[in-house]
Amino acid sequence: MSRWRQLTGEKSGQDYADRFAELARSGKDTHGEARFCAALLPDGARVLDAGCGTGRVMIRLAQLGHDCVGVDLDASMLAVAREQAPELPWHQADLAGFDPDRLGLAADFDLVVAAGNVLPLLAPGTEAEVVRRLASVLRPGGLFVAGFGLDEAHLPVPPGLTLAQYDDHCAAAGLTLVDRFATWDADPYDDGGYAVTVHRR
């Protein structure tokens, strides 16, 4: 069972969406992840949002002209995404068993993004397999971008995945480290409790 399912029971989609809507109404920037990814991409790039949740990141990237696909296991989150953007492709699937062929997807994405603590909230022991599967759908030269917490201040669950472990998983999947930042605003990484990492296939 994923840590996310243990934490939420996979029934928190609307609450999650409401929280970000309130942040947006208060003037907070809720598009940092999409802006970060868009800066790495050519026009009209193919993007896989892995663990897309309610679609906040993917919907913005689609608005910026990119060809996006969202995948998530949580039906409550996908219900919100489909309501907000019914024209976009949303797929329910476990990332630990993610198979693009079964979903009718071409494995030639320019970028895969895993935002919102997707990786630390996987089922324990599946992290390497998820990274392998996500890396395999990138075209040669494609980018894998992941942002996640590393300590209790940045995670809703006890810390598990370390950066060293994550980098090892990426290397085993044929990915090369490009850069690492402390935030989605590309602040330099300072060994803090949150990291945004870019790898290339």
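Quick caveat, the model's predicted, so the values are computed rather than measured. The figures here come from the full heavy-atom set of this structure, side chains too, leaving out hydrogens, waters and symmetry mates.
Side-chain atoms of D74 and S76 include a donor-acceptor pair closer than 3.5 Å.
Pairing each heavy atom of G193 with each of D151, the nearest pair is CA-OD2, 3.2 Å. In terms of heavy-atom proximity, M58 sits nearest to L88 at CE-CB, 3.8 Å. Between A45 and H66, the closest heavy-atom pair is N-ND1, 3.2 Å. Nearest approach of A62 to C68, heavy atoms of both residues: N-SG, 3.7 Å. A186 and F36 make their closest contact through CB-CE1, 4.3 Å (heavy atoms, listed as atom of the first residue, atom of the second, distance). Contact detail for L150 and G192: the closest heavy-atom pair is CD1-O, 3.7 Å.
Put simply, CG on L48 and CG on L105 are 7.5 Å apart, with the number rounded to the nearest 0.5 Å. To the nearest 0.5 Å, the span separating NE2 on H199 from CG on D179 amounts to 10.5 Å. Atom NE2 in H31 sits 9.0 Å away from atom CG in L64 (nearest 0.5 Å). To the nearest 0.5 Å, atom OH of residue Y189 and atom OH of residue Y194 are 11.5 Å apart.
No donor-acceptor distance shorter than 3.5 angstrom exists from the side chain of W90 to the backbone of C52, with no hydrogens or angles considered. The backbone N or O of G53 sits less than 3.5 Å from a side-chain atom of D72, completing a donor-acceptor pair. Although no hydrogens or angles enter the test, the distance criterion places no donor-acceptor pair under 3.5 Å between the side chain of E33 and the main chain of V57. A side-chain donor-acceptor contact under 3.5 Å links R200 to the backbone of G141. With hydrogens and angles ignored, the 3.5 Å screen pairs a side-chain donor or acceptor of E127 with a backbone N or O of G125. Side-chain N or O atoms of R201 include none that pairs as donor or acceptor with a backbone N or O of G174 at under 3.5 Å.
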Kindly indicate, with the supporting measurements, whether the criterion side chain to side chain contact (heavy atoms under 4.5 Å, CB included) is fulfilled by H169 and L161.
-> CA-CA 11 Å; H169 297 334; L161 183 65; 4.0 Å; yes

Side chain to side chain contact (heavy atoms under 4.5 Å, CB included) between D49 and V71, intermediate numbers included = CA-CA 6 Å; D49 189 348; V71 176; over 6 Å; no

Worked verdict on L121 versus V157 for side chain to side chain contact (heavy atoms under 4.5 Å, CB included) | CA-CA 8 Å; L121 292 171; V157 296; 3.8 Å; yes

Result block: side-chain N/O donor-acceptor pairs under 3.5 angstrom for residues 109-118, not counting sequence neighbours:
residue, atom, partner, partner atom, Å
D110, OD1, R139, NE, 2.5
D110, OD2, R46, N, 2.8
N117, OD1, G149, N, 2.6
N117, ND2, H154, O, 3.2

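Between I59 and Q84, some side-chain heavy-atom pair lies under the 4.5 Å cut-off. When side chains are defined from C-beta on, F144 counts as touching L138, because their heavy atoms get closer than 4.5 Å. The shortest distance between side-chain heavy atoms of E152 and P159 falls below 4.5 Å. You'll find the side chain of D187 stays beyond 4.5 Å of the side chain of F181, heavy atoms only. Contact of the T183 side chain with the V196 side chain is not registered, since no non-hydrogen atoms from C-beta on lie closer than 4.5 Å. Contact check for L61 versus C37: side-chain heavy atoms found under the 4.5 Å cut-off. Contact check for L73 versus F98: no side-chain heavy atoms found under the 4.5 Å cut-off.
Sorted by first then second residue, the side chain to side chain donor-acceptor pair (under 3.5 Å) pairs that include residues 93-103, not counting sequence neighbours, number zero. Evaluation of the side chain to side chain donor-acceptor pair (under 3.5 Å) test over residues 156-166, restricted to residues two or more places apart or in two chains, returns T162-Q165.
Each of L155 and L122 belongs to its own hydrophobic cluster when Ile, Leu, Val, Met, Phe, Trp and Tyr are linked at side-chain heavy-atom distances under 4.5 angstrom. By the rule that hydrophobic residues join a cluster once side-chain heavy atoms approach within less than 4.5 Å of another member, L103 and L78 end up as members of separate clusters. Neither L177 nor L163 shares a network with the other; the hydrophobic side chains, linked directly or stepwise wherever heavy atoms of I, L, V, M, F, W or Y lie under 4.5 Å apart, form separate groups for each.
A salt bridge is defined here as a Lys NZ or Arg NE, NH1 or NH2 lying under 4.0 Å from an Asp or Glu carboxylate O, and D190 with R180 fails to meet this definition.
More than 12 heavy atoms of other residues, nucleotides or ligands shown are found within 6.0 angstrom of CD on Q63.
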